[in-house]
Amino acid sequence: MSKNLKELIADLRILEIVGETDKEVTSLESDSRKAEQGGIFVAVKGVTTDGHKYIPVVTSAHVGAVVCEEFPTILRKGVTYIKVADSASALGELASAWYGHPSRHLSLVGVTGTNGKTTTATLLYEMAKLQGYKAGLLSTVCNYIGEKRVDSTHTTPDPLTLNRLLAEMVDCGCEYAFMEVSSHSTSQKRVAGLDFAGGIFTNLTRDHLDYHLTVDNYMRAKKAFFDMLGKDSFALINEDDKSGRFMVQNTKAKVYTYTLRGDGDFRGRIIETRLDGTLLSLNGKEVEVMFTGRFNAYNLTAVYGASILLGFPPEKVLVNMSKLVPVAGRFQPFLSPSGISAIVDYAHTPDALVNVLDTIREIVGSRGRVITVVGAGGNRDSGKRPLMAQEAACRSDYLILTSDNPRFEDPAEIIKEMAAGLSGEELKRTEQIIDRREAIIRAINLSEPGTVVLVAGKGHEPYQEIKGVRNHFDDSEEVKAALAAKG
């Protein structure tokens with residue numbers, strides 16, 4: 001496949017060009033190892049390396065063009081050099097152009113926030129299908145091109161992968177696409193060049209400070225998504241979250257709100273809740289849903305609102321709300337014949353643990369016993385570790401601290417940092433078990449009828465990452481096995 005360079009760069013904000021632009025180029029890459037003869041190489045200043053230092057390497061391999069923020073000292077004959085202010089944004093715009101601007105041919109909706117992105121995006125994908133449309137999904141758990149499953153490696157893929165997947169959606173007849181938009185992706189301009197029909201903000205709590213360093217940086221990375229929305233887009237925000245209004249301060253999109261407490265455009269109210277479902281009111285109409293918890297009520301209200309804003313018939317949307325099923329690893333319940341319940345959930349931040357445990361406590365009341373199994377990921381924000389332990393301990397009758405994905409850290413040290421947040425009394429009802437399988441088995445064995453065991457942190461993940469190796473480990477499988485063994 002070849003493209004005309006002049007046409008590809010038409011939308012770029014170019015500062016200077018050296019060389020011929022009216023020529024064919026055969027590929028587009030930002031990885032110098034993949035750069036091809038006659039192709040375009042985009043030099044991006046990344047987190048760990050600067051693509052500019054590889055310009056001499058790729059030009060000696062006879063690439064046709066280089067897009068960069070700074071020209072190299074030596075300009076090779078036959079190579080076109082294009083200077084831009086921001087090569088990361090240029091890569092997104094070029095990727096979109098390379099694949100024929102696929103987002104312009106889809107109603108693309110992005111979902112951002114700390115918690116609820118996967119559930120909200122996935123349920124919108126399912127809702128579009130229930131409305132009779134073909135749709136695509138880009139999420140942490142899995143990507144879908146229509147009904148075709150494509151494994152997911154990042155919450156938001158790199159620009160080339162992202163636009164290739166969107167182009168495949170267009171080619172297979174999708175009319176809608178829904179995607180998670182991570183703070184990393186907006187910070188790194190991975191979504192540059194995309195045309196969104198709408199954006200949704202779920203909530204904002206502490207997360208990813210290992211990357212963003214401060215909550216303010218993290219919040220502004222989320223806001224950057226709404227800053228890029230066009231005037232024909234919608235911005236649907238959680239009115240009950242204190243960061244909601246900040247997100248849309250500078251957006252050109254039309255702003256709508258959803259709420260469980262106030263009087264927004266889309267109003268959700270919990271009428272009755274159980275471990276296996278909720279009776280929910282949406283703009284005054286009651287519907288039985290297969291989801292539990294206030295946090296899921298927020299997700300469902302966002303799904304309802306976005307569905308209406310996309311033009312789906314309100315009455316049909318309401319009927320289809322009752323057909324939606326929970327996402328794997330998101331408040332996923334398991335019940336043994338003896339009356340022991342277990343919940344597997346992806347909660348891996350202090351706020352997410354609060355949401356899940358408050359929901360469980362609300363359902364079981366003072367008579368039920370709650371046991372929590374939780375760890376914290378290695379090589380990530382270590383400041384949240386004691387906070388997670390604190391929130392889990394004060395909402396559980398018994399706590400087991402264990403491994404999550406230790407990555408390149410010592411799991412015993414991670415657990416020690418978590419335990420540092422506990423009081424002497426809390427430590428008396430806390431165990432530290434490094435082996436996650438043993439921790440789950442221990443929690444189930446400590447249970448009796450009426451007990452609810454929460455296994456938190458990994459949710460849908462079918463692996464445990466230790467020393468750079470992903471070993472198969474699925475919390476759902478482990479819970480089912482432990483419940484079966486318990487009898």
Side-chain angles (χ1 to χ4, degrees), residues 8-9 11-16 25 27-36 39-61 63-73 79-99 110 112 138 140 143 152-166 179-194 207-214 216-225 227-228 377-381 405 407-408 465 468:
L8 276 178
I9 65 174
D11 294 333
L12 294 188
R13 289 170 290 282
I14 296 170
L15 302 178
E16 186 179 352
V25 286
S27 64
L28 173 65
E29 290 291 347
S30 61
D31 185 336
S32 61
R33 295 164 297 183
K34 297 179 181 177
E36 300 177 0
I40 306 175
F41 173 69
V42 184
V44 177
K45 294 180 179 178
V47 178
T48 57
T49 188
D50 184 352
H52 287 77
K53 71 180 183 180
Y54 299 106
I55 292 175
V57 176
V58 298
T59 52
S60 66
V63 294
V66 170
V67 176
C68 55
E69 295 174 16
E70 301 165 12
F71 284 162
T73 306
V79 178
T80 303
Y81 294 87
I82 302 163
K83 184 186 286 189
V84 295
D86 185 339
S87 55
S89 291
L91 176 61
E93 291 163 3
L94 283 168
S96 177
W98 185 268
Y99 286 101
T112 196
L138 298 169
T140 304
N143 300 323
S152 174
T153 56
H154 292 80
T155 299
T156 311
D158 66 87
L160 287 165
T161 303
L162 177 53
N163 280 277
R164 175 177 57 78
L165 291 169
L166 292 174
M179 66 178 288
E180 296 183 51
V181 178
S182 69
S183 57
H184 289 72
S185 73
T186 51
S187 178
Q188 296 167 15
K189 314 294 175 60
R190 291 184 222 159
V191 292
L194 298 185
D207 201 12
H208 300 304
L209 296 198
D210 53 299
Y211 177 81
H212 295 290
L213 303 180
T214 69
D216 186 62
N217 289 343
Y218 175 53
M219 183 165 61
R220 290 183 184 282
K222 296 289 187 188
K223 179 180 178 293
F225 170 57
D227 290 348
M228 69 174 283
N379 302 106
R380 297 293 186 269
D381 175 18
N405 290 317
R407 298 184 176 89
F408 290 98
E465 188 174 339

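Taking 4.5 Å as the limit, some side-chain heavy atom of Leu8 sits within range of a side-chain heavy atom of Trp98. Here the side chains of Tyr81 and Thr59 are in contact, with some heavy-atom distance below 4.5 Å. At least one side-chain heavy atom of Leu166 sits under 4.5 Å from a side-chain heavy atom of Leu138. Within the 4.5 Å cutoff, the side chain of Leu94 has heavy atoms near those of the Ile9 side chain. Ile82 is not listed as a side-chain neighbour of Cys68, based on a closest heavy-atom distance of 4.5 Å or more. You'll find the side chain of Met179 reaches within 4.5 Å of the side chain of Val191, heavy atoms only. At a threshold of 4.5 Å between non-hydrogen side-chain atoms, the residues Val181 and Lys222 do not count as touching. Taking the side chain as every heavy atom from C-beta outward, Ile40 and Val66 never approach each other to under 4.5 Å.
Closest non-hydrogen pair, Leu162 versus Pro157, comes out as N-CB, 4.0 Å. Minimum interatomic distance between Ser87 and Val42 (heavy atoms only, all atoms of both residues): O-CG1, 3.6 Å. The shortest non-hydrogen separation linking Val84 to Ala90 is CG2-CB, 4.1 Å. Residues Phe41 and Asp31 share a closest heavy-atom pair of CE1-C, 4.0 Å. Of all heavy-atom pairs spanning Leu160 and Ser30, the tightest one is CD1-N, 4.4 Å.
Residues forming a salt bridge (charged side-chain N to carboxylate O under 4.0 Å, His left out) with Glu29 (at least two apart in sequence, or on another chain): none. Applying the salt bridge (charged side-chain N to carboxylate O under 4.0 Å, His left out) rule to Lys53 yields no partners; only residues at least two apart in sequence or on another chain are considered. Residues meeting the salt bridge (charged side-chain N to carboxylate O under 4.0 Å, His left out) test with Asp50, sequence neighbours left out: none.
For Thr186 (side chain) and Phe225 (main-chain N/O), no donor-acceptor pair under 3.5 Å exists by modelled atom type. For Asn405 (side chain) and Gly377 (main-chain N/O), no donor-acceptor pair under 3.5 Å exists by modelled atom type. Here the side chain of Ser89 pairs no donor or acceptor atom with the backbone of Asp86 at under 3.5 angstrom. Under the 3.5 Å distance criterion, the side-chain polar atoms of Ser32 are left unmatched by any main-chain donor or acceptor of Tyr54. With hydrogens and angles ignored, the 3.5 Å screen pairs no side-chain donor or acceptor of Ser96 with any backbone N or O of Gly92.
Checked options Arg190, Lys189, Arg13; the residue passing with Glu93 is Arg13 (criterion: salt bridge (charged side-chain N to carboxylate O under 4.0 Å, His left out)).
One distance of note links CG of Leu91 with CG of Leu28; it measures 6.0 Å at 0.5 Å rounding. Lys83 NZ to Leu12 CG: the interatomic distance, rounded to the nearest 0.5 Å, is 15.0 Å.
No hydrogens or angles considered: nothing links the side chains of Glu180 and Thr112 as a donor-acceptor pair under 3.5 Å.
In this structure, Lys45 pairs ionically with Glu70, as a charged nitrogen and a carboxylate oxygen lie closer than 4.0 Å.
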